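Presented below is the structure to which this report refers.
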Protein chains: 2
Amino acid sequence: MATGRNHRPATSRSRGIPEATVARLPLYLRALTALSERSVPTVSSEELASAAGVNSAKLRKDFSYLGSYGTRGVGYDVEYLVYQISRELGLTQDWPVVIVGIGNLGAALANYGGFASRGFRVAALIDADPGLSGKPVAGIPVQHTDELEKIISDNGVSIGVIATPAGAAQQVCDRLVAAGITSILNFAPTVLSVPEGVDVRKVDLSIELQILAFHEQRKAGEEPGAPPETDTAPPAAPPAVSVAKRPPESGTDGDLPAVMPA
Amino acid sequence: MATGRNHRPATSRSRGIPEATVARLPLYLRALTALSERSVPTVSSEELASAAGVNSAKLRKDFSYLGSYGTRGVGYDVEYLVYQISRELGLTQDWPVVIVGIGNLGAALANYGGFASRGFRVAALIDADPGLSGKPVAGIPVQHTDELEKIISDNGVSIGVIATPAGAAQQVCDRLVAAGITSILNFAPTVLSVPEGVDVRKVDLSIELQILAFHEQRKAGEEPGAPPETDTAPPAAPPAVSVAKRPPESGTDGDLPAVMPA
DNA sequence: ATGCCTTTGTGAACGCGTGCACAAAGATTG
DNA sequence: CAATCTTTGTGCACGCGTTCACAAAGGCAT
């Protein structure tokens with residue numbers, strides 16, 4: 001059953017920058033951009049770290065992977081660092097992006113201001129609903145799925161955003177990959193199988209909420225002199241014997257990615 | 001200033017379940033639910049792992065933290081496991097949730113089907129725009145920010161979703177926390193400061209795209225028989241001397257969370 | 001019952017990420 | 001130019017998370 005790796009096998013240690021550090025660079029960049037707009041010339045690791053919500057030692061170590069860009073006794077030059085990080089992240093070039101699945105979420109994403117600002121440009125909006133074709137969303141006309149391959153190849157798009165229902169995600173993903181996409185941001189609640197070399201990042205509202213619920217439950221059951229844990233009833237059954245009878249519920253687990261595409 | 005921790009200080013090792021494992025439980029649950037709907041009685045760690053997109057050894061170790069729910073030589077009882085994981089995640093109870101900031105994204109979230117299915121219920125939609133008050137979104141009337149405290153206390157809400165512009169996020173966050181919220185899902189592109197005991201999880205489109213861009217650039221510069229690394233030109237300047245002259249660009253970095261709240 | 005086959009549960013090794021703590025570097029002042 | 005003070009850059013240790021590899025457990029057939 002077609003599994004397919006997606007997490008980068010090794011550390012992606014190409015030249016050395018750790019994955020964890022890469023994930024924080026955008027955070028630093030955002031904080032630095034804010035400082036830059038306020039015309040602040042330099043920042044210490046301490047100040048910047050606090051602005052980015054991390055520990056200063058971590059920040060210094062992160063920057064050390066990029067090179068020695070600071071000045072001891074002074075700090076870091078804001079403008080210079082903004083440039084260096086932007087370059088490292090590949091933000092000095094333009095990245096055309098396509099969004100597939102123009103429902104509530106897809107539309108919200110299309111309207112996102114943060115796209116254009118940092119090197120990302122919405123090259124096209126794609127949806128399977130013929131009724132949407134031609135209608136402008138965020139000023140961009142929606143195109144039909146049939147055009148997918150052509151759009152990607154014509155615009156040299158390498159990053160795709162999937163905002164379709166879970167059921168269509170894998171299929172869309174396969175087409176995107178076949179058309180040349182090598183990076184995917186997936187909002188559909190499904191595990192995507194992709195060939196080696198293709199990066200997939202997942203954004204899943206439902207999962208985030210469940211993680212919060214876990215901690216919330218944990219807090220509720222310990223902090224106050226709360227009862228030992230009523231445990232809502234231990235109905236089910238021992239390992240390999242009976243079977244709980246909770247009905248399969250509605251089929252609506254999270255079929256749609258925080259939205260319905262029309 | 002005003003830093004404030006947000007990552008759980010320790011390992012949240014309350015009774016022992018590692019954070020990394022908690023983050024995967026929703027994945028397993030989703031896969032199990034799908035099997036359950038197809039009336040599959042049991043699964044082996046290998047099958048389930050592949051369905052969830054993880055390695056089987058990891059899955060077994062994860063389950064081992066919950067207890068020994070499998071049967072050697074057979075596998076795991078689907079229904080039983082669904083129940084156990086649901087209980088562990090706190091999904092056997094109902095979690096009222098409030099969404100603050102009803103713009104494109106907030107509306108998309110309100111329409112999300114995955115909410116209701118797994119124990120989450122949208123208790124209220126809140127926005128600062130008086131013009132939205134009373135208007136129904138996803139069948140629920142939007143209420144004004146003034147009512148925030150009352151709504152939360154009346155409904156016993158402990159989980160809040162922030163989908164406001166970055167500028168309003170911290171303020172909204174503070175009010176939510178003061179009103180009793182202890183878990184926050186933040187879609188605004190800002191670092192939130194919260195007191196100890198409050199959990200914050202962040203969803204940031206812009207950051208995800210930047211991480212993808214990093215890897216994309218990496219791929220483009222290595223895979224083909226590319227030269228040793230041209231380094232795009234060392235334009236800027238040495239650490240503490242000159243200053244690049246890139247204009248502060250537009251102020252639009254990512255002020256809005258993939259949407260504008262009215 | 002006995003033996004074989006399958007699959008779990010986990011001990012142990014390894015590697016990444018984090019944070020401490022400090023030496024080195026540079027600015028700044030007298 | 002020397003002394004002092006600030007802040008970076010990093011060696012080191014520790015802990016979490018992942019993966020391997022295998023013994024133990026249970027089912028099943030003979």
Side-chain angles (χ1 to χ4, degrees), chain A residues 3 5-14 16-25 27-28 40-78 80-81 84 211 238-241, chain B residues 3 5-25 27-28 40-50 52-78 80-81 84 211 238-241:
Chain A
T3 304
R5 275 282 74 60
N6 63 354
H7 275 79
R8 27 246 132 8
T11 313
S12 102
R13 48 143 280 300
S14 309
I17 304 181
E19 191 59 30
T21 293
V22 172
R24 280 188 294 269
L25 291 181
L27 234 44
Y28 301 144
V40 176
T42 61
V43 259
S44 66
S45 60
E46 201 67 56
E47 297 170 316
L48 184 54
S50 122
V54 304
N55 160 321
S56 70
K58 193 184 296 184
L59 177 144
R60 288 199 298 278
K61 178 145 294 192
D62 283 341
F63 285 177
S64 78
Y65 292 117
L66 307 184
S68 288
Y69 294 149
T71 304
R72 302 185 187 220
V74 177
Y76 300 90
D77 180 282
V78 175
Y80 186 64
L81 204 44
Q84 289 299 340
I211 294 173
V241 186
Chain B
T3 306
R5 276 281 74 63
N6 63 353
H7 274 79
R8 27 241 126 19
T11 315
S12 101
R13 46 141 282 299
S14 308
R15 211 266 287 352
I17 305 181
E19 191 59 31
T21 294
V22 172
R24 280 188 293 268
L25 290 183
L27 235 44
Y28 302 144
V40 176
T42 61
V43 256
S44 67
S45 61
E46 201 68 57
E47 297 169 318
L48 185 53
S50 122
V54 303
N55 159 322
S56 71
K58 192 182 296 184
L59 177 144
R60 287 199 300 276
K61 176 141 295 195
D62 282 342
F63 285 177
S64 78
Y65 292 117
L66 306 184
S68 289
Y69 295 148
T71 303
R72 301 182 189 226
V74 177
Y76 301 89
D77 180 282
V78 175
Y80 186 65
L81 205 44
Q84 289 300 340
I211 295 173
V241 187

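Every chain is numbered from 1, with letters handed out A, B, ... down the list of sequences. This one's a predicted model, so the numbers in the text were calculated from it and none came from an experiment.
- In this entry the distance linking NZ of B/K61 with P of D/dA21 reads 14 Å, nearest Å.
- Taking atom CZ of residue A/F63 and atom P of nucleotide D/dG9, one finds them 9 Å apart after rounding to whole Å.
- We find that OH of A/Y65 is positioned 10 Å from C1' of D/dT10, with the value rounded to whole Å.
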Restricting to nitrogen or oxygen on both sides, can you table the protein-nucleotides 4-8 of chain D pairs closer than 3.5 Å?
unit_1, atom_1, unit_2, atom_2, d
D/dT7, O4', A/G73, N, 3.0
D/dT8, OP1, A/S45, N, 2.5
D/dT8, OP2, A/S45, OG, 2.6
D/dT8, O2, A/R72, NH1, 2.9

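- Distance CD/B/Q84 to CG/B/D77: 10.5 Å, rounded to 0.5 Å.
- B/E19 places a side-chain heavy atom less than 4.5 Å from the side chain of A/I211.
- A straight line from CG of B/L59 to P of D/dT19 spans 12 Å, rounded to a whole angstrom.
- Considering only side-chain N and O atoms, B/K58 lies under 4.0 angstrom from the phosphate OP1 or OP2 of D/dT19.
- A heavy-atom distance below 4.5 Å is not found between the side chains of A/L81 and A/Y28.
- Within the 4.5 Å cutoff, the side chain of A/S50 has no heavy atoms near those of the A/E46 side chain.
- Of the candidate nucleotides D/dC12, C/dG17, D/dC20, D/dC20 has the atom nearest to the side chain of B/N55.
- Annotation: A/Y69 is not in aromatic contact with A/F63 [ring centroid separation under 6.0 Å not met].
- Between A/E19 atom CD and C/dC16 atom P the separation is 12 Å, expressed in whole Å.
- Here the straight-line distance linking atom OG of B/S68 with atom OH of B/Y76 works out to 8.0 Å at 0.5 Å rounding.
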